[in-house]
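All values below come from the heavy atoms of this structure, side chains included, with hydrogens, waters and symmetry mates left out. We count ligands from 1, going down the list as the structure has it; atoms in each ligand are counted the same way. What you see is a predicted model, and the numbers here were worked out from it, not measured in a lab.
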Amino acid sequence: MEKFLLGTNWKMHKTETEAIGYTKKLIELVNDYSMYQFFIIPPYTDLKEIKKLTDTSNIFLGAQNMHWQDEGAFTGEISPVMLHELGIDLIELGHSERRQYYNETDFTVNYKVLAGIKHGLKPLICIGENINEKEWGVTNETLAKQLKIALKDVNKKDVVNTLIAYEPVWAIGENGIPAKPSYAGEVHTFIRKLLTRMYDENIAKDIPILYGGSVNIDNAVSLKNQPNVDGLFIGRSAWNIETFRIIAKRITEK
Ligand code: PGA
């Protein structure tokens, strides 16, 4: 396994000016905590300027979504070819907000995963059960369905360039209830076993599984210490660079 991952999806936040200010401070943070692999996933409009700043640093840069076609009559969409030319590393796919508001399905996630791989972008695939699925006791079945469809036709050579983010829908955002660390650990262990069944043990251990959903300065340490948690995927608590710094500091101390 590579370095522990620490990253943030900005969602629809930060103008270009705000993004530049944040990224300059992030570069200092990354220099202080080089034991982690940092990544940021800004809105499209920020990518070009941020790429200039992060080019010589070790920060992975990602986009929040893309179409699966190289080009075409798809008003409002961005293609993998365009993102590849910008020089980004990651493509976030299947975030629960995309699934909830923009008709993203497991099947479109799969098309996008394959397109990302074709164009040299690492897919960061978000999966997670909603509150009903959790309460009905079908979390594992839900995750298995999402992951099997997302990774259909992805071979062993390519799957090690993907990352999985486990983000329980009920844990995300303002109204989210953070998952108990032990619960996250159990689910991550299930996902690792699932990947082992789908590929093999050696491959499965090389696919990072990140936890996301109300990660904050109080729960980051215990989430990091769970089995099979290879990274933290942080929303609100990382949008302020000072809180992000506290998280990096705490997980390093303990
Ligand atoms: P949050 O967002 O940390 O603000 O809950 C997580 C996410 O949506 O990835």
Ligand 1 contact by G173, heavy-atom criterion under 4.0 angstrom: yes
Between ligand 1 and E174, can you find any atom pair, the residue atom being a heavy atom, that is separated by under 4.0 Å? no
Tell me if the aromatic rings of F233 and F39 count as close, with their centers under 6.0 Å from one another. yes
N or O pair under 3.5 Å between N9 and ligand 1: no
When E174, E97, E92 are each screened for salt bridge (Lys or Arg N to Asp or Glu O under 4.0 Å) with K11, the one that passes is E97
Shortest protein contact, atom 4 (O) of ligand 1 (heavy atom only): R236 NE, 2.6 Å
Could you tell me whether F244 and F38 have their ring centroids closer than 6.0 angstrom? yes
Just distance, no hydrogens or angles: give the donor-acceptor pairs under 3.5 Å from side chains in residues 114-122, sequence neighbours left out.
{"from": "H119", "atom 1": "NE2", "to": "D70", "atom 2": "OD1", "distance (Å)": "2.9"}

Give the residue and atom name of whichever protein heavy atom lies nearest to atom 3 (O) of ligand 1, and the separation in Å to one decimal. G235 N, 2.9 Å
N or O pair under 3.5 Å between E167 and ligand 1: yes
Using non-hydrogen atoms of the residue, decide whether S214 is closer than 4.0 angstrom to ligand 1. yes
Are the side chains of L61 and I40 in touch, meaning some heavy atoms are under 4.5 Å apart? yes
Between E129 and W170, is there a side-chain donor-acceptor contact under 3.5 Å, judged purely by atom types and distance? yes
Counting each atom of ligand 1 from 1 as listed, which ones have a heavy atom of I172 under 4.0 Å away? 5 (O), 8 (O)
